[in-house]
Amino acid sequence: MNLTHLTLLEQAVFVLAALVLFLSFSLLAQARLLAGIHIFAWQGGVLALATGLIAATSDEPHLFISAALTFGLKALTIPWMLHRLVRRLELERHADPLQHPALVMMAGAALVIFSYWVVAPIEQLELAGIRNILSISLAVVLLGLLIMVTRRQAVTQVIGFMSMENGLFLAAVAATQGMPLVVELGIAFDVLVAAVLFGVFFLHISESIDSLNVDRLNRLSTREDDGV
Amino acid sequence: MNTAAWWLVLLQALLFLLGAPLLVAWVRRVKARLQNRRGASLWQPYRDFYKLFAKETLVAHTASPVFRAAPYIVFGSTLLACMVVPLLALGLPSAAVADVIVLVGFLALGRFFLTLAGMDIGTAFGGMGASREMLVSALAEPAMLMAVFTLAMTAHSTNLASIAEHQLSTGLILRPSYLFALMGLVLVAIAETGRIPVDNPTTHLELTMIHEAMLLEYSGRHLALMEWAAQLKLMLYGVLIVNVFLPWGIATEFTPLALAVGLLAVVGKLIFLGLLLGVAETGLAKMRLFRAPQFLNLALLLALLGLLSHVILEGGA
């Protein structure tokens with residue numbers, strides 16, 4: 001696969017896919033909740049732009065609808081909901097720093113290499129251009145998983161989960177020119193409902209343990225917490 | 001043709017020498033305007049140099065020969081590094097040594113003597129500045145090499161002139177790897193030239209200064225040479241960024257017209273870059289020294305992503 005054979009628009013899709021990956025890394029590194037939500041919104045926006053470009057290059061008008069849907073949901077609605085939630089729980093200044101930032105970053109880079117290695121054999125199916133974006137989206141999914149593993153704050157874990165979904169969406173759009181519109185609508189509403197449910201969960205967790213640090217869910221009582 | 005080309009190499013070095021103070025003055029002017037000040041004249045750095053060269057040079061009585069030799073070595077190695085970077089034209093005879101690793105080596109040599117000179121007198125500030133400089137540079141160098149290797153993998157050469165030539169011959173291609181390498185290199189350049197989020201070039205506050213702390217004991221022509229070297233370094237990074245990533249306009253043949261176009265193009269690009277630097281420095285606050293490793297980690301991560309996206313997205317081609 002050589003970039004020189006592609007049109008400028010198709011090259012732009014590659015750049016945007018790389019940007020989605022970069023934003024995943026920034027999510028991984030970002031300690032502040034609000035900044036994390038903003039990065040997540042940017043990732044949604046870049047993803048919507050990439051979808052729009054793929055729609056323009058591949059002549060699939062229904063992809064424009066899913067691009068608009070992605071933009072509306074992932075770049076505007078869900079970040080707005082998370083934002084409101086964070087404000088309601090008074091967590092604006094809250095930060096959730098990583099224990100070993102450099103190690104986590106190295107793990108992230110290793111995950112990217114791993115996903116490239118996993119996707120590489122698909123080359124034989126003559127999907128060269130798509131294979132590259134597929135490995136990027138697999139990396140985004142794995143990075144989302146890594147965010148969920150390394151974070152202790154419920155809100156950041158949800159952002160990790162949502163960015164995993166971004167990776168899946170990128171894979172679907174790049175590999176199969178998008179799923180059927182019905183499926184896409186279903187997934188979009190699933191994500192929305194998930195965001196609402198997470199919001200309810202946050203409220204309950206923070207009411208019952210007075211914090212969103214999920215590590216404290218492992219403890220049986222608050223008294224045990226004081227002894228540590 | 002050969003002698004003419006060698007003259008051109010010398011002309012390039014001269015342009016670097018004369019242009020560097022002007023670039024610094026331009027950045028200062030932009031910052032002054034953004035802060036609602038009138039700002040000094042664009043010729044102010046030349047006047048400063050004139051004054052410093054005319055002044056008596058004082059050396060502390062504890063100074064060793066290293067302290068006296070360091071300004072000349074720092075200035076000379078920075079100037080040599082500048083001659084490696086293509087400024088006006090590609091395909092000059094000096095392109096044979098225009099290798100990125102040579103460039104990094106020249107800069108490292110200058111930095112080594114700069115930090116030695118900082119520690120030589122034995123004052124507290126000098127040693128502190130030297131240790132900070134080493135902290136920053138030890139983290140910046142791998143990021144810079146990684147960013148440059150990304151370019152080298154695309155052009156199949158670590159020669160700066162061939163990288164720029166490859167970029168010219170393939171035309172406009174949006175490469176994600178170039179984007180990341182560019183971002184990484186910009187961060188490295190900011191850290192290495194001591195601009196604002198990492199070091200403040202105008203500070204004399206002992207808690208924050210890095211580069212200034214090493215120069216505190218210098219005066220007269222020694223100080224002028226050290227400051228000139230720092231300004232050369234800023235221009236070096238500026239030219240490196242604009243001519244390697246956006247080489248359009250640079251002369252590929254040695255006709256007066258092509259050279260004039262090349263000069264205009266590089267001046268225009270540097271003016272734009274200086275404008276961006278001035279705006280960024282006005283908008284950003286200097287960060288704590290202990291956040292500098294994070295800043296440079298980001299640069300390294302960007303360069304690494306550039307390398308990975310070159311392999312993954314561009315199929316190693």
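Chain letters run A, B, ... following the sequence lines, proteins first, then strands; residues in each count from 1.
Side-chain atoms of A:Q11 do not come within 3.5 Å of backbone N or O of B:I173 as any donor-acceptor pair.
The side chain to side chain contact (heavy atoms under 4.5 Å, CB included) test applied to B:S162 returns B:S157, B:N159, not counting sequence neighbours.
In this structure, B:Q35 places its CD atom where more than 12 heavy-atom neighbours from other residues, nucleotides or ligands lie under 6.0 Å away. B:F295 CZ: more than 12 foreign heavy atoms inside a 6.0 Å radius. Around the CZ atom of B:F245, the shell of radius 6.0 Å holds more than 12 heavy atoms that belong to other residues, nucleotides or ligands.
Only the side chain of B:F180 comes within contact range of chain A, with at least one heavy atom under 4.5 Å from a heavy atom of that chain. The parts of A:F22 that come within reach of chain B are both its backbone and its side chain, each placing non-hydrogen atoms under 4.5 angstrom from that chain.
Between A:V112 and B:I312, the shortest heavy-atom contact is CG1-CD1, 3.7 Å. Counting all heavy atoms, side chain and backbone alike, A:A109 lies closest to B:L308 at O-CD1, 4.3 Å.
Interface summary for chain A: among B:L301, B:L304, B:N297, the most heavy-atom pairs under 4.5 angstrom belong to B:L301. Chain B forms the most heavy-atom pairs under 4.5 Å with one residue out of A:L19, A:I136, A:I113, and that residue is A:I136.
The CG atom of B:L298 sits 9.0 Å away from the CE atom of A:M105 when rounded to the nearest 0.5 Å.
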